[in-house]
Amino acid sequence: MCNTDTGDWEATLEQTRALAERGADIVRVSVYDQRCVKALRPLVDQSPVPIVADIHFDANLAIGAMENGVHKLRLNPGNIENKADVARVVACAKAHHIPIRIGVNAGSLPKDLLDRFGRSPRAMVDAGLRHVRLLEREGFEDIVVSLKASDVPLTVAACRLFAKQTDYPQHLGVTEAGTTHMGTLKSAAGIGGLLALGIGDTLRVTLTADPVEEIYAARDILKAIGLRKEGPDLVACPTCGRTKIDLIPLAQAVEERLKTVTKPITVAVMGCPVNGPGEASAADVGIAGGNGKGLLFRHGKVIKQVPQEALLDELMALIEELP
């Protein structure tokens, strides 16, 4: 999701392009006033990916966003007080063939559900279904639902319960997950666990960080559970007493350099030249450090020996040669 002022469409477009370049398939922007609505047309027209408009309370903003070309709405119909306004939003969504994502957050559940069920999976699911019914009564079923909490077990339990009760697609996320380190861990546990169970259709990793970091984390989660093959997969040994090279910074440097690589390859960084190539024989290419020197290998077969300080550059040159 962009964190720019949506009314500044040029800045938002610049960030959208940056997110798309890193692997985002869809980008969400906040639409909170008419200035944002007017900025959507040039943004949508030039965006390399579909744009989702995030809207709260105001039916006119939702209609304006759709009339300016957005591809999807994030909107809770229960937050629009006037039923006639809900009908207007649905009519516009039908006319433009735009899906609506209903977003339920454990931190803002309806009071009656909190009083009855507490902050629980049942309360979250019932809140989502309540919003769904409002749209269904208007004959609208092009719906996606998200059930998010900052608590991972609560998020997972709610999404699993919802999946048992309906076939509507789910957008996954652990909301307010935190900074890059802990937020990525919480997102991997929650989103990755649900995807491994076959639950989820779209996702957002929520980080208190540059939005580009959200894309890196999402991409890595998808790669880790085998749902996305684009780009390299890095494997690295955990080190042991046999390690004669400063492997941790080397592995980190390789990881950083691989961010610009799009080839679907496996790259290994091993700390021991004795059995490193053998243990990483499934890798397309790799390096194994030694005492002042290291080995480059391809599919477990050693290609050549080079000085330690040349390992990184030699590895990247070898990757460049791959088809």
Side-chain angles (χ1 to χ4, degrees), residues 1-6 9-32 36-37 39-56 61-62 64-76 89 92-93 96-105 128 135 140-148 155 159 168-175 177 183-184 187-188 190-192 194-195 199-207 209-223 225 227-231 262:
M1 182 172 180
C2 286
N3 63 2
T4 52
D5 172 10
T6 307
W9 70 265
E10 292 173 314
T12 304
L13 177 61
E14 181 179 358
Q15 189 172 79
T16 297
R17 286 173 171 162
L19 297 174
E21 287 172 1
R22 270 71 172 186
D25 298 312
I26 186 169
V27 170
R28 178 159 51 112
V29 299
S30 297
V31 178
Y32 41 85
C36 294
V37 170
L40 287 173
R41 175 53 65 185
L43 173 63
V44 169
D45 287 347
Q46 298 180 60
S47 171
V49 292
I51 296 294
V52 180
D54 190 287
I55 294 167
H56 296 273
L61 294 180
M66 289 186 284
E67 291 177 343
N68 277 282
V70 297
H71 302 88
K72 183 179 180 181
L73 288 183
R74 191 275 192 184
L75 175 80
N76 285 357
V89 170
C92 189
H96 293 281
H97 306 287
I98 294 173
I100 295 175
R101 195 239 305 174
I102 293 169
V104 175
N105 192 316
L135 297 181
F140 189 83
E141 296 183 347
D142 195 0
I143 300 169
V144 180
V145 176
S146 63
L147 304 159
K148 298 183 181 182
T155 299
C159 292
Y168 279 119
Q170 287 194 51
H171 170 80
L172 304 181
V174 177
T175 193
T184 298
S187 297
I191 297 171
L194 287 165
L195 290 172
I199 297 172
D201 301 272
T202 59
L203 65 94
R204 180 202 174 186
V205 173
T206 304
L207 300 177
D210 186 327
V212 167
E213 295 299 324
E214 298 183 348
I215 305 306
Y216 285 143
R219 189 177 63 184
D220 288 345
I221 290 169
L222 291 171
K223 285 168 58 179
I225 60 175
L227 290 180
R228 193 159 188 160
K229 302 299 183 183
E230 298 95 333
T262 59

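What you see below is based on every heavy atom in this structure, not just the backbone, and it leaves out hydrogens, waters and symmetry mates. FYI, the numbering just counts along the sequence from 1. Here the structure is a predicted model, which means the values were calculated and not measured.
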What heavy-atom pair brings [X] and [Y] nearest, and what distance separates the two atoms?
| X | Y | answer |
| --- | --- | --- |
| Gln15 | Pro211 | NE2-CG, 3.9 Å |
| Ala218 | Leu203 | CB-CD1, 3.6 Å |
| Ala11 | Thr4 | O-CG2, 3.9 Å |
| Thr6 | Ser30 | OG1-O, 2.6 Å |
| Gly192 | Ile225 | O-CD1, 4.1 Å |
| Cys92 | Met66 | CB-CE, 3.5 Å |

Residues in salt bridge (Lys or Arg N to Asp or Glu O under 4.0 Å) with [X], at least two apart?
| X | value |
| --- | --- |
| Asp5 | Arg35 |
| Arg17 | none |
| Asp142 | none |
| Asp220 | none |

For Trp9 and Arg41: C-alpha separation, side-chain torsions, deciding distance, then whether side chain to side chain contact (heavy atoms under 4.5 Å, CB included) applies. CA-CA 9 Å; Trp9 70 265; Arg41 175 53 65 185; over 6 Å; no
Within the structure provided, determine whether [X] and [Y] are in side-chain contact (heavy-atom separation under 4.5 Å).
| X | Y | value |
| --- | --- | --- |
| Ile100 | Phe140 | yes |
| Pro169 | Val145 | no |
| Val52 | Arg101 | no |
| Leu73 | Pro99 | no |
| Val70 | Val44 | yes |
| Pro48 | Thr16 | yes |

So, does [X] use its side chain to make a donor-acceptor pair with the main chain of [Y] at under 3.5 Å?
| X | Y | value |
| --- | --- | --- |
| Glu214 | Leu207 | yes |
| Ser47 | Leu43 | no |
| Arg228 | Arg219 | no |
| Asn76 | Gly103 | yes |
| Thr155 | Val174 | no |

For a side chain to side chain contact (heavy atoms under 4.5 Å, CB included) check, start with the C-alpha distance between Val144 and Ile102, then their side-chain angles and the critical distance, and finish with the verdict. CA-CA 6 Å; Val144 180; Ile102 293 169; over 6 Å; no
Atom [atom1] in [X], atom [atom2] in [Y]: separation rounded to 0.5 Å?
| X | Y | atom1 | atom2 | value |
| --- | --- | --- | --- | --- |
| Ile199 | Gln170 | CD1 | CD | 6.0 Å |
| Leu40 | Glu67 | CG | CD | 11.5 Å |
| Asn68 | His96 | CG | NE2 | 9.5 Å |
| His171 | Lys148 | NE2 | NZ | 3.5 Å |
| Asp201 | Ser146 | CG | OG | 12.0 Å |
| Ile191 | Ile221 | CD1 | CD1 | 5.0 Å |

By side chain to side chain donor-acceptor pair (under 3.5 Å), Asp210 pairs with (sequence neighbours left out) none
Output all residues satisfying side chain to side chain donor-acceptor pair (under 3.5 Å) with Ser187, sequence neighbours left out; order by chain, then residue number. none
Report the residue from Val89, Val37, Asp54 that forms a side chain to side chain contact (heavy atoms under 4.5 Å, CB included) with Leu61. Val37
Stepwise side chain to side chain contact (heavy atoms under 4.5 Å, CB included) test for Ile26 and Val49: CA-CA 5 Å; Ile26 186 169; Val49 292; 5.6 Å; no
Do Arg74 and His56 get their side chains close enough for a donor-acceptor pair, meaning under 3.5 Å? yes
Got a sec: does the CD of Glu14 have more than 12 other heavy atoms crowding it under 6.0 Å? no
